[in-house]
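Working notes, structure below.
Position 1 is the first residue of the sequence, and the numbers go up from there.
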Amino acid sequence: QVQLVESGGGLVQAGGSLRLSCAASGRTFSSYTMGWFRQAPGKEREFVAAINRSGDRTYYADSVKGRFTISRDTAKNTVTLQMNSLKPEDTAIYYCAANRYYTGSTEFRDYNYWGQGTQVTVSS
């Protein structure tokens with residue numbers, strides 16, 4: 001099993017930056033594709049970014065491509081989402097997730113483990 005804990009959310013003005021971190025427990029962190037999803041009030045959970053087990057392939061939603069960067073540090077069991085040029089529509093709860101079998105999946109149903117979420121609010 002994997003336990004995930006997110007940190008780094010907060011309030012930022014449009015155009016600003018935030019860095020989200022996800023700390024994973026367990027010895028098999030490198031066996032999992034890691035992803036970030038978000039959910040805004042009244043909306044479905046949506047894919048944001050994912051990174052494969054070895055960290056050499058990344059995947060992004062079109063809405064964040066060029067603004068967000070996902071990375072992982074296997075030695076520290078962490079995955080990070082650097083968010084730049086934030087927009088009010090990026091406001092949501094952001095969730096870290098882990099998936100053992102579907103490399104690069106953008107489907108939240110493919111992810112087995114989830115963090116508790118961290119709030120990101122972007123003011124206009």
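Side-chain contact between Cys96 and Phe37 is absent, with no heavy-atom pair separated by less than 4.5 Å. Ile70 places none of its side-chain heavy atoms less than 4.5 Å from the side chain of Tyr59. Using a 4.5 Å heavy-atom cutoff, the side chains of Ile51 and Thr33 are not in contact. Residues Gln3 and Trp114 are not in side-chain contact: their nearest non-hydrogen atoms beyond the backbone lie 4.5 Å or more apart. A heavy-atom distance below 4.5 Å is not found between the side chains of Gln82 and Ser71. At a threshold of 4.5 Å between non-hydrogen side-chain atoms, the residues Val120 and Thr91 do not count as touching. Looking at Ser30 and Arg53, their side chains never come closer than 4.5 Å, going by heavy atoms from C-beta outward. In this structure, Trp36 and Val79 have side chains that are in contact, with non-hydrogen atoms separated by less than 4.5 Å.
Remark: Lys43 NZ is loosely packed, at most 12 non-hydrogen atoms of other residues, nucleotides or ligands lying under 6.0 Å away. By the 6.0 Å contact criterion, CD on Gln116 is enclosed, its count of non-hydrogen atoms from other residues, nucleotides or ligands being greater than 12. Enclosure of atom CD in Gln119 by more than 12 non-hydrogen atoms of other residues, nucleotides or ligands within 6.0 angstrom is indicated. Within a 6.0 Å radius of OH in Tyr113, more than 12 heavy atoms belonging to other residues, nucleotides or ligands are found.
Taking the salt bridge (charged side-chain N to carboxylate O under 4.0 Å, His left out) definition, one finds that Glu46 meets it with Arg38, sequence neighbours left out. By the side chain to side chain contact (heavy atoms under 4.5 Å, CB included) test, Leu86 is found to be paired with Val12, Leu18, Phe68, Met83, Asp90, Val122, residues two or more places apart in sequence or in another chain being considered.
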Discussion item. Using side-chain hydrogen bond (donor to acceptor under 3.5 Å, both in side chains), reason through Thr103 and Asn52 one step at a time and then give a plain yes or no.
Written reply: CA-CA 6 Å; Thr103 299; Asn52 69 345; over 6 Å; no

Practice prompt. Using the side-chain contact (heavy atoms from CB on, under 4.5 Å) rule, take Leu20 and Thr80 through it: C-alpha gap first, then chi angles, then the decisive distance, then the call.
Written response: CA-CA 6 Å; Leu20 304 184; Thr80 300; over 6 Å; no

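Minimum heavy-atom separation, Ala23 to Thr78: CA-CG2, 4.3 Å. Here the closest heavy-atom approach between residue Val2 and residue Ser25 is recorded as CG1-O, 3.8 Å. The two residues Asp110 and Ser105 make their nearest non-hydrogen contact at OD2-OG, 2.6 Å. In this structure, Ala14 and Pro88 approach most closely via the heavy-atom pair CB-CD, 4.1 Å.
Aromatic rings from Phe47 and Tyr60 are positioned such that their centres are separated by 6.0 Å or more.
Under the 4.5 Å side-chain heavy-atom criterion for ILVMFWY residues, a single connected hydrophobic cluster contains both Tyr32 and Val48. A chain of hydrophobic side-chain contacts below 4.5 Å, direct or via other Ile, Leu, Val, Met, Phe, Trp or Tyr residues, connects Tyr111 to Tyr95. A continuous path of Ile, Leu, Val, Met, Phe, Trp and Tyr side chains, each step under 4.5 Å between heavy atoms, connects Phe108 with Ile93, placing both in one hydrophobic cluster.
Applying the salt bridge (charged side-chain N to carboxylate O under 4.0 Å, His left out) test to pairs two or more places apart or on separate chains, none has a residue in residues 70-88.
With values rounded to the nearest 0.5 angstrom, Asn77 atom CG is found 9.0 Å from Met34 atom CE. In this structure, CG in Leu4 is found 11.0 Å from CD in Gln1, a value given to the nearest 0.5 Å.
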